[in-house]
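Letters A, B, ... are given to chains in the order of the sequence lines, protein chains preceding strands, and every chain is numbered from 1.
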Amino acid sequence: KQEVTQIPAALSVPEGENLVLNCSFTDSAIYNLQWFRQDPGKGLTSLLLIQSSQREQTSGRLNASLDKSSGRSTLYIAASQPGDSATYLCAVRREYGNKLVFGAGTILRVKS
Amino acid sequence: DTAVSQTPKYLVTQMGNDKSIKCEQNLGHDTMYWYKQDSKKFLKIMFSYNNKELIINETVPNRFSPKSPDKAHLNLHINSLELGDSAVYFCASSLGDRGTGELFFGEGSRLTVL
């Protein structure tokens, strides 16, 4: 059974800091891994998608890495801004089937 | 030009009632999902449909019945609502075997059962 864990559960940083969010999963037989952002009372916005054959993906100030064999992914946010404050969710899709398993999320607060 | 849209956004109802939530996607995807986000913000899959066929059915009470009239729509009907059904329900879609598997979510439907 796939389990996804995100550390830390919450993070508060001053504006301008670079930060790393961690995601680990127990079953390395994955199809892809997706990072989402969720603002309070809103839906999920897809940030980055990494296929199992890829090592990293970048979008603007965001960089996500994947180490499939060790069951880990990190989301790196450069030069954080108050607008980055949100909950960040990691989700893993198994090799077979369409089921996406989510972590509990990291609540990020960037202080101005 | 909303990609995945759900209605209603908010739903407040009494225990025992029956209610429906509708979902539509205009992305040309062939797979649609219902997820439930509980009070602790944990997201868990309930159902998945591919080309109108049920492919994932997690351990969900049979009071919950999804219906997919076509590839672009997946509705969720809930009978005999209970207090524990209060949650935010998210619809999502993706391109099945032919795509990257990236999921796109709707804004959510917040259900409150009194």
Assess the residue pair A:Gln38 and B:Gln37 against the criterion (side chain to side chain contact (heavy atoms under 4.5 Å, CB included)); give the C-alpha distance rounded to whole Å, side-chain angles, the decisive distance to 0.1 Å, and a yes or no. CA-CA 12 Å; A:Gln38 185 175 26; B:Gln37 189 171 44; 3.0 Å; yes
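Counting non-hydrogen atoms of other residues, nucleotides and ligands closer than 6.0 Å to CZ of A:Arg109 gives a total of 12 or fewer.
When side chains are defined from C-beta on, B:Lys41 does not count as touching A:Thr87, because their heavy atoms never get closer than 4.5 Å. Between B:Phe104 and A:Leu44, the closest side-chain pair of non-hydrogen atoms is not below 4.5 Å. Counting heavy atoms from C-beta on, the side chains of A:Phe102 and B:Ile45 never come closer than 4.5 Å.
Cluster membership for B:Leu76 and B:Leu81, using ILVMFWY side-chain heavy atoms within less than 4.5 angstrom, is shared. Note on B:Val60: it does not cluster hydrophobically with B:Leu43, by side-chain heavy-atom contacts below 4.5 Å among ILVMFWY residues. By the criterion of side-chain heavy atoms lying less than 4.5 angstrom apart, applied directly or through intervening Ile, Leu, Val, Met, Phe, Trp or Tyr residues, B:Leu11 is not grouped with B:Phe90; the two fall into different hydrophobic clusters. Placement of B:Leu103 and B:Ile55 within a single hydrophobic cluster is found when ILVMFWY residues are connected by side-chain heavy-atom separations under 4.5 Å, directly or transitively. Following chains of ILVMFWY side-chain contacts shorter than 4.5 Å, one can reach B:Ile56 starting from A:Leu100, so the two form part of one hydrophobic cluster.
Annotation: the span from A:Leu89 atom CG to B:Phe105 atom CZ amounts to 8.5 Å, rounded to 0.5 Å. Atom CD of residue A:Gln51 and atom CD of residue B:Glu102 lie 9.0 Å apart, to the nearest 0.5 angstrom.
Contacts of B:Glu58 with chain A are made by side-chain atoms alone, with heavy-atom separations under 4.5 Å and no backbone atom involved. Residue contact with chain B, scored on non-hydrogen atoms closer than 4.5 Å, involves the side chain of A:Leu49 exclusively.
Of all residues in residues 15-24 of chain B, none places a non-hydrogen atom less than 4.5 angstrom from a non-hydrogen atom of chain A.
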